[in-house]
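All heavy atoms count here, side chains included; hydrogens, waters and symmetry mates do not.
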Amino acid sequence: MATQNVLTPQSEDFPRWYQDVVAKAEMADNGPVRGTMVIRPYGYAIWERIQGEIDARIKEAGAQNAYFPLFIPESYLSKEAEHVEGFSPELAVVTHAGGEELTEPVVVRPTSETVIGEFMAKWIQSYRDLPLLLNQWANVVRWELRPRLFLRSSEFLWQEGHTAHATLEDAAAYAMKIHTEVYEDFLNEVLAVPTFLGIKPPRERFAGARNTMTCEGMMRDGKALQMATSHELGQNFAKAFDIYYQSEEGQAQLCYTTSWGSSTRLVGGLIMAHGDDRGLVLPPRVAPIEVIVISVRDEPGVNDACETVVSQLKAVGVRAQLDRGRGSFGRRVTDWEIKGVPLRVEVGPRDLAEGVVSVVRRDSGDKSTIGVSSVAQEVPALLARIQSDLFQRAKDHRDANTCDVASVAQAIDVAQTGFARLSWDLVGDSEEAELNAQALTIRCLQRGDGSVPESELEPDLLCIVAKAY
RNA sequence: CGGGAAGUAGCGCAGCUUGGUUAGCGCGCCUGGUUUGGGACCAGGAGGCCGCGGGUUCGAAUCCCGCCUUCCCGACCA
């Protein structure tokens, strides 16, 4: 029987394909309140793997986890002028509680610079208290105008790091450290998504920051997605919240702070960076199930062999799960493909008679047989291969769809289907407005060698222009 | 929030123009049986405030008004 489309093909309607995958892979549902999201177990399992990998890197970078309240006094937001201006339009504000009107409304945090700043001021006395390196895993609320599951929901889950330092140089170096050693490393090594690192042009900066860094990934449709961000906040928040320390010389000095975050949007990016017309394609390192072992027939000899294979895989640390045959074989295969399980092991009587099992890669569809006794040896290597092939495939796709251009007009043309890279000198205010009018944005600024500049004023910078999610 | 489209069973849709008995179809779901190497088949069955509220009418899924939600394109954004 011919395989037919279970999902809308990407080429026909990419946004529709995305929604089909989210629904059919059982990742998430819309919540009852506009813009909210119910994350289903399979989607949440992916998020938990993302959390684990990012959390380990954050701790390796020296930050500690803490937790701050969901509710923030409205007055805190107003303490930093740009910050309040940036976030006011999308705040959810609680005016009534306990059956009474509150004397001061409280906002549901859209981000936590303000509360954390308040407590940093309390906790920091001396230069010996610096740097103070904090992170929290939390939910935040931003009343978005156009929500999309995972990519932009009114409430989302994220980690937000907040640090205070004695000097600008130290703060800048730490923000960069997080950007490369946590975010870039995670995106490349775990999500298998190559990214362009750079700084945001002034107009796209975080509200209250003096510099915003970004990791921009390319989706299968050529659009950009900001996958993580790090901000140097200078002394803006330190001034607003009186974050002072006493220096070695006994002087009161203002701190320099940073903040940095990554969210459940990463799940959306993961879907769009690797997925194909058959559904999700998960890199093994984020896959809750790396290997699905399918019994072709629900009969004792086959089932016993399946269990042996699963336990051998688990013994070498592979996340393997058994699908014992209930329902048709084709149906089960299709379901696991939609869910993006990287490797499928098919165990059936014909193969077993020859002492082998069939192994099929989700990413390439390549099918091979391996001896039952060598499964535990060969599968981990195969998974590693899939991981690196997926990264390479994503990189090839990105590079093939990134073009150097010499004018804004060419950039507008190229950025319809990919990234355009051009000299930042060519883009003034009116050119930027021209791009924006075409639904294009400057995703980031880079040096010629692809490294991250310190400011937009450096000479000879390049900018990457694209449509974005 | 502006422009467009749409809300009828879990999902996808027909019916509405021209109001009229018990509102249909496909997939899915349940039961039994036969199946299982790429979305199986047969038989039986369950499941509906036709998005919400109001109006017109003897009578509304159908006509009118308001609202809500979802999707697409913008502005905002992780």
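A gap of 7 Å separates the C1' atoms of B/C25 and B/A14, to the nearest Å. Spacing between B/U70 and B/C11 at atom C1', rounded to whole Å, works out to 15 Å. Between B/G24 and B/U34, the two P atoms lie 34 Å apart (nearest whole Å). For the C1' atom pair drawn from B/A23 and B/G48, the interatomic distance equals 9 Å after rounding to whole Å. Taking the P atom of each, B/C64 and B/C16 are spaced 14 Å apart, rounded to whole Å. Going from the P atom of B/G45 to that of B/G51 covers 28 Å, rounded to whole Å. When the P atom is compared between B/C27 and B/A40, the two are found 12 Å apart, to the nearest whole Å. Across B/G19 and B/G2, the matching P atoms stand 34 Å from one another, rounded to whole Å.
The ring of A/His162 has its center no closer than 6.0 angstrom to the ring center of A/Phe237.
Distance, A/Glu26 CD to B/C11 P: 14 Å, rounded to whole Å. In this entry the distance linking CZ of A/Arg297 with P of B/U34 reads 15 Å, nearest Å. Remark: P of B/C27 and CG of A/Asp20 are 19 Å apart, rounded to the nearest angstrom. Straight-line distance from the NZ atom of A/Lys367 to the C1' atom of B/G38: 8 Å, rounded to whole Å. Whole-Å rounding puts the A/Asp335 CG to B/C27 C1' distance at 14 Å. Atom CD in A/Glu299 sits about 12 Å away from atom P in B/U35, given to the nearest Å. Atoms CG (A/Asp351) and P (B/U36) sit 16 Å apart, rounded to a whole Å.
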If a protein heavy atom is under 4.0 Å from the base, mark B; if only from the sugar-phosphate, S; if neither, -; do that for nucleotides 71-78 of chain B going 5' to 3'.
SSBBBBBB

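Nucleic acid contact class of A/Ser295 (heavy atoms, under 4.0 Å, all strands): none. Residue contacts shown for A/Gly365 are absent, as no nucleic acid heavy atom lies under 4.0 Å away.
No hydrogens or angles considered: nothing links the side chains of A/Thr441 and A/Glu204 as a donor-acceptor pair under 3.5 Å. In summary, the side chains of A/Gln159 and A/Ser262 do present a donor paired with an acceptor at a separation below 3.5 Å, with no hydrogens or angles considered.
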Stepwise, does the side chain to side chain contact (heavy atoms under 4.5 Å, CB included) test hold for A/Arg265 with A/Met227?
CA-CA 7 Å; A/Arg265 168 178 282 187; A/Met227 302 194 70; over 6 Å; no

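Residue A/Ser328 has a polar side-chain atom (N or O) positioned under 4.0 Å from OP1 or OP2 of B/A40.
Annotation: cation-pi pair A/Arg398/A/Phe196 present, NZ/CZ under 6.0 Å from the ring centroid and within 45° of its normal.
Shortest non-hydrogen contact noted between A/Lys200 and A/Arg205 is CB-N, 4.3 Å. When all heavy atoms of A/Gly269 and A/Leu225 are compared, the closest pair comes out as CA-CD2, 3.4 Å.
The side chain to side chain contact (heavy atoms under 4.5 Å, CB included) test applied to A/Val38 returns A/Asp29, not counting sequence neighbours.
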Symbol by symbol from the 5' end, with Watson-Crick or G-U pairs under 3.5 Å, [ ] crossing and | another strand, RNA chain B is ((((((((.[[[[.)....(...]]]].((((((.....)))))).....[[[[[..)....]]]]])))))))....

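A/Glu346 has its side chain within reach of A/Val360: a pair of non-hydrogen atoms, C-beta onward, lies under 4.5 Å apart.
Rounding to the nearest 0.5 Å gives a distance of 7.0 Å between CD1 of A/Ile46 and CD1 of A/Ile271.
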